[in-house]
Amino acid sequence: MKNRETTMSFTDQLLKDRILTAKEKSIHWLRSMQAEGMPEGVARVSELHDAERYPQMLLSGTYDSIMARTLLNDPIENTAPVADWILSCQHPDGYFTLPGLQWDQCHKREQLADTQEYMRFHATNYSMGALDALGHLDKFEMPFLAPFLDEANMWAWLGQRDMRDPWLEGNNIVNIGSFLLVEMARDPQGPARDRLNDIIEWHNRQSEPYSGFWGPGQQFSQEALLFALCGATHNLHIFYDMDAHIPHFNQSISRCLEQPIAVRSGCIDVDIVDILVHGVQRHPERREEAEHWLRELLVKLLDFQNDDGGFPDTLLGERGFDGWVKGYKEPQGHSNTFATWFRWITIAMIAEILWPQWQPWQFRKTIGIGYFKAMK
C-alpha cells in the first residue's frame, strides 16, 4: 500500500508540474490574442482571425478569453474599458449578438425566431459571464426576461422544447436559467425562484431512468445517448445551483464512465467531465472509478496542447461561430480562445477533484459552461 501511495504521489506531482507549465504557456498565448488598437482584454479568436474583415468575432474572442484568463487567475488589470466595450454590443432589449450580425446568414432551426432565440441566449449568457468575471455584472440589464417571469408563459416555453435535440435545448435551458438566477439574486422575493422551480419540475417529469438525462431513444443509439449527455450537462447546472435533488444521477455517472477516454471536441470533453466532477461529490462511492477515468483523460488533454500554448477544438474540419453558418470559418487544429477556455475548464475541474484547493481556479459564478460548484 505504501509503494502504491508513493507511486501515486510521484505521478500526481508530475501531473501538477505539467498543468502549471501548460497554464503559463496558455496565459502567454491568451495575452497574445489582444486585438490591436482596442481596450485591454478585447481579443481575436485565433492567429487566423482577421479582425478588420471579421470584427464581429471580437465579441466571441473577448468573452472566451476573459473567462479563460479569469479561470487561470490572470485577470485584466483595468476592467472598465473592456466591460464598456462588451456592453456596446448589447441591444436595447438586453440581448447581445455579434456586432452587425445578419440573420439571413444564420441557421439553427427552421423557424428564424428559434434561431434568433438560441443565438441571442448564447451570446448574452457568455457576455454576462465575462462582465461578471470583470466585476461589472451590475451594469448588465435584461428587459427581455420579463415574459419568462410569467408562470403561464414559462410553461408554454418549456412545452415548446424539442427534446429530440436535447443538446441544443440544453443550451437554451441553461441560458434562461442563468438569467433567472441573476434575477433571483437581485430580487430574492420576486418570481424568478418560482420559475426556476418550474423548470426543475418540468425536468423531473421526464427524467430518463436509464441515464438521468433527457431526450428519447438513448437506450438504442450511442449518438442519441451522447447528445442527451451533452445537453444534460447544461440542464443540470440549474439543479446544482438550486441544491435540488437529481433523479437517477448515479445512472448519469455510469453513462459518463462508459464513454471512451479520448479527446474528442472541446464541448464533448467538458460536458462529460462536468457531470463526473459534480456527480462524485453527490455519490462519493463512485469516486475511485471516476478519478481513474479523469486521470486518464487529463494526460490526454495535456498532450493535446499546441506548441504555441493554446488549445485546438478538434483536428479536422472547419470551425465557426455556432449558428452563423454563412460567416466566419477557420480550419480546425489551430489554437483558439473558445477551445483554450473549454480545455482549461476541463483540466481545472479534474484538478479540483483530484487535489481540492491546490490551485486558486476562478470558476465562473453564473451557470453555463465554466461553472463549477463544490459541495460543502
Side-chain angles (χ1 to χ4, degrees), residues 26 29-30 32-33 35 42-65 67-68 89 96-110 112 114-116 118-123 125-127 165-172 222-223 226-227 229-231 233-234 259-260 262-272 300-301 303-346 368-370:
S26 284
W29 181 82
L30 286 163
S32 77
M33 287 299 102
V42 177
R44 295 181 297 148
V45 298
S46 74
E47 285 284 358
L48 302 178
H49 177 198
D50 182 345
E52 291 188 4
R53 184 180 178 189
Y54 288 104
Q56 303 94 328
M57 291 298 289
L58 287 173
L59 178 61
S60 173
T62 299
Y63 57 57
D64 288 336
S65 176
M67 288 192 279
C89 303
F96 287 78
T97 59
L98 299 187
L101 188 71
Q102 301 297 311
W103 290 116
D104 61 359
Q105 298 179 349
C106 302
H107 179 81
K108 282 301 289 187
R109 285 264 173 88
E110 290 305 315
L112 176 60
D114 294 336
T115 294
Q116 290 174 322
Y118 177 91
M119 294 183 68
R120 285 167 174 160
F121 276 10
H122 178 92
N125 192 11
Y126 281 171
S127 296
D165 194 348
W167 197 344
L168 184 151
E169 294 294 6
N171 277 290
N172 281 330
Q222 283 300 308
E223 182 181 77
L226 180 62
F227 279 35
L229 184 161
C230 292
T233 298
H234 305 82
Q259 293 295 314
V263 175
R264 290 192 272 185
S265 74
C267 289
I268 292 173
D269 298 340
V270 76
D271 288 343
I272 298 170
K300 295 178 184 295
L301 287 169
D303 289 342
F304 201 62
Q305 186 176 28
N306 282 334
D307 291 340
D308 60 14
F311 281 85
D313 179 25
T314 64
L315 299 181
L316 301 175
E318 282 189 323
R319 193 187 74 85
F321 185 83
D322 192 8
W324 192 18
V325 294
K326 297 180 181 179
Y328 181 80
K329 295 286 189 299
E330 68 179 33
Q332 289 280 21
H334 295 272
S335 298
N336 59 83
T337 55
F338 155 76
T340 300
W341 178 41
F342 269 45
R343 296 297 182 192
W344 273 108
I345 296 163
T346 312
I369 296 302

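Values reported hereafter were calculated over all heavy atoms of this structure, with side chains retained and with hydrogens, waters and symmetry mates removed.
Using a 4.5 Å heavy-atom cutoff, the side chains of Leu315 and Gln332 are not in contact. Tyr118 is not listed as a side-chain neighbour of Cys106, based on a closest heavy-atom distance of 4.5 Å or more. The closest side-chain heavy-atom distance from Gln259 to Leu226 is below 4.5 Å. Within the 4.5 Å cutoff, no side-chain heavy atoms of Phe121 are placed close to those of Asn171. Residues Ser127 and Thr62 have side chains not in contact (no heavy-atom distance under 4.5 Å, counting atoms from C-beta outward).
The heavy-atom pair separating Gln305 from Gly310 by the smallest distance is CG-O, 3.5 Å. Between Ala262 and Lys300 the shortest heavy-atom distance is CA-CD, 4.2 Å. The heavy-atom pair separating Trp29 from Val45 by the smallest distance is CH2-O, 4.1 Å. Smallest separation of non-hydrogen atoms from Leu98 and Ser60: CD2-N, 4.3 Å. Of all the heavy atoms in Ser65 and Ala43, the pair that sits closest is CB-CB, 3.8 Å. In terms of heavy atoms, Cys267 sits closest to Asp313 at N-OD1, 4.4 Å.
Remark: Asp307 CG is loosely packed, at most 12 non-hydrogen atoms of other residues, nucleotides or ligands lying under 6.0 Å away. In Lys326, the NZ atom is not crowded: 12 or fewer heavy atoms of neighbouring residues, nucleotides or ligands sit closer than 6.0 Å.
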Practice task
Starting from the C-alpha separation in whole Å, work towards a yes-or-no answer on side chain to side chain contact (heavy atoms under 4.5 Å, CB included) for Asn336 and Glu47.
Solution key: CA-CA 8 Å; Asn336 59 83; Glu47 285 284 358; over 6 Å; no
Would you please test Met57 and Trp324 for side chain to side chain contact (heavy atoms under 4.5 Å, CB included) and show each step?
CA-CA 11 Å; Met57 291 298 289; Trp324 192 18; 3.9 Å; yes
Residue pair His49, Leu58: steps toward the side chain to side chain contact (heavy atoms under 4.5 Å, CB included) verdict
CA-CA 9 Å; His49 177 198; Leu58 287 173; 4.0 Å; yes
task = Test side chain to side chain contact (heavy atoms under 4.5 Å, CB included) on Ile268 and Trp167 and set out the steps.
result = CA-CA 10 Å; Ile268 292 173; Trp167 197 344; 3.7 Å; yes
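Once rounded to the nearest 0.5 Å, the distance linking OG of Ser265 with CZ of Phe342 reads 9.0 Å. Note that CG of Leu30 is 12.5 Å distant from CE of Met67, once rounded to the nearest 0.5 Å.
Look at Glu330 and Arg319 and you find a salt bridge, because one of the NZ, NE, NH1 or NH2 atoms lies within 4.0 Å of a carboxylate O, short of that distance. Asp322 has a carboxylate O that lies under 4.0 Å from a charged side-chain N of Lys108, or vice versa, which qualifies the two as a salt bridge. Using a cutoff of 4.0 Å between basic side-chain nitrogens and carboxylate oxygens, Arg343 and Asp269 are scored as salt-bridged.
If you run ring-ring contact (aromatic ring centres under 6.0 Å, His included) between Trp341 and each of Phe311, Tyr63, Tyr126, only Tyr126 comes through. Between Leu101 and the options Gln116, Met119, Arg120, a side-chain contact (heavy atoms from CB on, under 4.5 Å) holds for only Met119.
Panel note: side chain Thr340, backbone Thr337; no donor-acceptor pair is recorded below 3.5 Å. No donor-acceptor distance shorter than 3.5 angstrom exists from the side chain of Asp114 to the backbone of Glu110, with no hydrogens or angles considered. With hydrogens and angles ignored, the 3.5 Å screen pairs no side-chain donor or acceptor of Asn306 with any backbone N or O of Gly309.
Trp103 and Thr115 share no donor-acceptor pair across their side chains, judged by distance under 3.5 Å alone. Asp308 and Ser335 form a side-chain donor-acceptor contact under 3.5 Å, judged by distance and modelled atom types alone.
Taking the centre of each ring, Phe321 and His122 come in below the 6.0 Å mark.
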